[in-house]
Amino acid sequence: MAPQAPVRTILHVDMDAFYAAIEQRDRPELRGQPVIVGADPKGGLGRGVVSTASYEARRFGVGSAMPISQAFKLCPHGRYVPVDMAKYARVSGEVMDVLRAVTDLVEPLSVDEAFLDVTGRRRALGGGEAIARAIKQAILARTALTASVGVATCKLVAKIASDMRKPDGLVVVRPGQEAAFLAPLPVRRLWGVGPKMEERLIKSGVHTLGDLATLDATRLERRLGHHGLDLQRLARGLDERPVLGEARDAKSLGEEHTFDQDTADLTRLRATLLELADGVARRLRRRALKARTVTLKYRDETFRTLTRARTLAAPTDVGAALFDVAWELFQGVHGRRKVRLLGISSSHFDEQAQLGLFAPTPAPADQLRDAVAARFGRDALVRASQLGRRERRHPEALADDKPTRKPS
Ligand code: TTP
Ligand code: MG
C-alpha cells in the first residue's frame with residue numbers, strides 16, 4: 001500500500017489595503033485618513049479607476065475598480081494619491097523574501113498575496129498557527145505593514161480564511177472543519193463560480209456552499225455537468241491543488257508587454273499572448289531548454305497585478321504549447337477591466353534538456369520561424385492573427401539574457 005500523504009498545512013498570506021497602507025506608512029499625514037489610490041499622476045483626480053482604498057475610505061463605500069469620479073462622490077474629503085507601482089513592487093519583494101525564508105514552497109498570486117505549503121516545516125517551526133503568527137510579525141518588522149493570514153489544509157479554504165478577519169487577521173481552520181467552515185458562505189466565494197454559474201446555481205436552489213456540498217450528485221451532474229461535481233468537491237473543502245513553489249535556483253525566461261493604451265480588445269490581447277509565447281519559446285530553443293511551468297503575469301487598468309502559474313504534463317519549448325496554457329490562465333483572470341500589461345514566463349527547466357542529453361526537437365513551424373527570424377529578424381514572419389496590428393511591441397526581457405529589443 002502506498003504511504004498516505006500527511007494532511008497538508010497551507011497558508012494564504014494577503015497584505016491589508018496594500019497600496020494604501022504603503023502610502024499611509026510613508027506619508028504620516030495620511031494615517032487615519034480615507035486614502036484612495038488611483039489619482040492622476042499629473043495632479044487632480046483624473047479619469048481613472050480606484051486601485052484600492054484604505055479601510056477608512058471603504059467605510060464610505062469606496063472600493064477597488066470603481067471610477068475615481070464615483071469615489072469622489074462618495075468620499076469628497078478623501079485623500080487621492082496616484083499609483084506608484086515601482087514602490088509597491090519593491091515592498092512586495094520584501095514581503096516575498098520574508099515568506100521564502102520560511103519555505104521554498106511559496107506561490108505568489110499577486111503583488112500582495114501568496115500561498116505557502118508549510119507541511120514540511122511544522123515540526124521545526126511549531127505548527128501552522130505558530131508559523132502564521134511568526135510570519136505576520138516578521139512582515140511587520142520588515143515593512144511596518146500588516147498582513148492577514150489563513151491557515152488550512154488546502155488552498156481554497158486558506159484563501160477564504162485569510163479574508164475573514166481583515167485587517168490584521170489570523171484565521172485557522174482545523175483539519176476536518178473545512179466543510180463546516182465553508183457551509184454558510186455564498187456560492188460566489190468559490191473559485192470558478194462567475195456570475196453566470198452563480199445564477200444557474202441559485203436557480204437550482206443552491207445559495208450557500210453548504211447547499212452545494214449536500215446536493216445529490218446525480219442531480220448536480222445533470223444540471224451542471226462535470227464542472228458541477230468539481231465545484232461540489234471544492235464546496236466540501238476537498239482541494240488537492242498543490243502550492244507551486246518556485247525552485248530556489250529556478251532560472252526563468254520571460255517577456256512582457258505594456259500596452260500603449262489599456263485595452264479590452266480580446267483579439268489584440270490574444271495576439272499579444274501568442275507573440276509573447278513565441279518569443280519565450282524561441283529563447284528556450286536557443287538555449288536547448290524545455291520548461292515545465294508557465295506563468296502568466298496580468299496587470300489591469302487599476303494596476304492590479306496577478307500571476308498565475310501552471311505546471312505542464314510534459315516540458316516544452318513550443319510556442320503554441322506555452323500559448324495554450326497562458327491563454328487558459330488568462331481566461332481565468334480576465335474580467336471586464338482593460339488590460340495594461342501581459343507577460344509570460346517559463347521556468348522549471350527540464351534537467352535532461354539542460355544537460356544537453358536530448359537534442360531539442362522544435363515543431364516544424366517553430367523551426368521555420370527560428371530560421372526566418374535568424375535570417376531576417378524577428379518581425380519577418382508573424383502569425384496570421386498578428387497581422388494588422390499597428391502597435392510596435394517592446395518586449396521587456398525578464399531573464400538574464402539580452403533583450404531582443406530594449407524596453408522603451
Ligand atoms: P487586494 O489584496 O485585493 O486588496 P488590498 O490589499 O488593497 O486590500 P485587502 O485588505 O482587502 O486585501 O489587492 C492588492 C493590491 O492590488 C491593492 O492594494 C491594489 C491592487 N489592486 C488593484 O490595483 N486593482 C484591483 O481591482 C484590486 C482588487 C487590487
Ligand atoms: Mg490585500
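FYI, the numbering just counts along the sequence from 1. Remember, it's 1-based here, ligands and their atoms both numbered in the order they're listed.
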Quiz item: Just by distance, do the side chain of S346 and the backbone of L253 share a donor-acceptor pair under 3.5 Å?
Solution: yes
Practice problem: Using modelled atom types only, decide if a donor and an acceptor are shared between the side chain of R310 and the backbone of L329 within a distance under 3.5 Å. | Solution: no
Quiz item: How long is the span from the OG1 atom in T52 to the CG atom in D112, to the nearest 0.5 Å?
Solution: 8.5 Å
Quiz item: Nearest protein heavy atom to atom 21 (N) of ligand 1, by residue and atom, and its distance?
Solution: S51 O, 3.4 Å
Quiz item: Roughly how far, to the nearest 0.5 Å, is NE2 of H227 from CG of L220?
Solution: 10.5 Å
Exercise. Calculate, to the nearest 0.5 Å, the distance between atoms CD and CG belonging to E56 and L30 respectively.
Key: 10.0 Å
Quiz item: Of the protein's non-hydrogen atoms, which lies at the shortest distance from atom 8 (O) of ligand 1, and what is that distance?
Solution: R58 NH2, 2.7 Å
Quiz item: Which residue supplies the protein heavy atom nearest to atom 10 (O) of ligand 1, what is that atom called, and how far is it?
Solution: Y55 OH, 2.6 Å
Quiz prompt | N/O/S atom of S148 inside 2.8 Å of the Mg ion (ligand 2), strictly under | solution = no
Self-check item: ligand 1 to A17 polar contact by distance, N or O atoms, under 3.5 Å
Solution: yes
Practice problem: Applying salt bridge (charged side-chain N to carboxylate O under 4.0 Å, His left out) between D300 and each of R340, R337, R336, report the one that passes. | Solution: R337
Quiz item: Could an N or O of ligand 1 be found under 3.5 Å from any N or O of Y19, whether backbone or side chain?
Solution: yes
Quiz item: Is the Mg ion (ligand 2) less than 2.8 Å from at least one N/O/S atom of D14?
Solution: yes
Quiz item: Can you tell me if S204 uses its side chain to pair, donor with acceptor, with the backbone of V206 under 3.5 Å?
Solution: no
Quiz item: Counting backbone and side chain alike, does D112 bring an N/O/S atom below 2.8 Å of the Mg ion (ligand 2)?
Solution: yes
Self-check item: Main-chain N/O of G279 paired with R283 side-chain donor or acceptor, under 3.5 Å
Solution: no
Quiz item: Identify the closest protein heavy atom to atom 26 (O) of ligand 1: which residue and atom is it, and at what distance?
Solution: R337 NH1, 2.4 Å
Exercise. For atom 23 (O) of ligand 1, find the nearest protein heavy atom and state the residue, atom name and distance (0.1 Å precision).
Key: T302 O, 2.7 Å
Quiz item: Going by the atom numbers of ligand 1, which of them fall below 4.0 Å from some non-hydrogen atom of D14?
Solution: 2 (O), 12 (O)
Quiz item: Quick one: does P167 get within less than 4.0 Å of ligand 1, heavy atoms only?
Solution: no
Self-check item: Atoms in ligand 1 with a heavy atom of F18 nearer than 4.0 Å
Solution: 5 (P), 6 (O), 7 (O), 18 (O)
Quiz item: What protein heavy atom is closest to atom 17 (C) of ligand 1, reported as residue, atom name and distance in Å?
Solution: T52 CB, 3.8 Å
Quiz item: Heavy atom under 4.0 Å from ligand 1: found in R304's side chain, backbone, both, or neither?
Solution: both
Quiz item: Looking at E107 and K155, does any basic side-chain N land under 4.0 Å from a carboxylate oxygen?
Solution: yes
Quiz item: Could a heavy atom of M15 be found less than 4.0 Å from some atom of ligand 1?
Solution: yes
Quiz item: Stepwise, does the side-chain contact (heavy atoms from CB on, under 4.5 Å) test hold for Y19 with M85?
Solution: CA-CA 9 Å; Y19 299 180; M85 199 61 208; 3.6 Å; yes
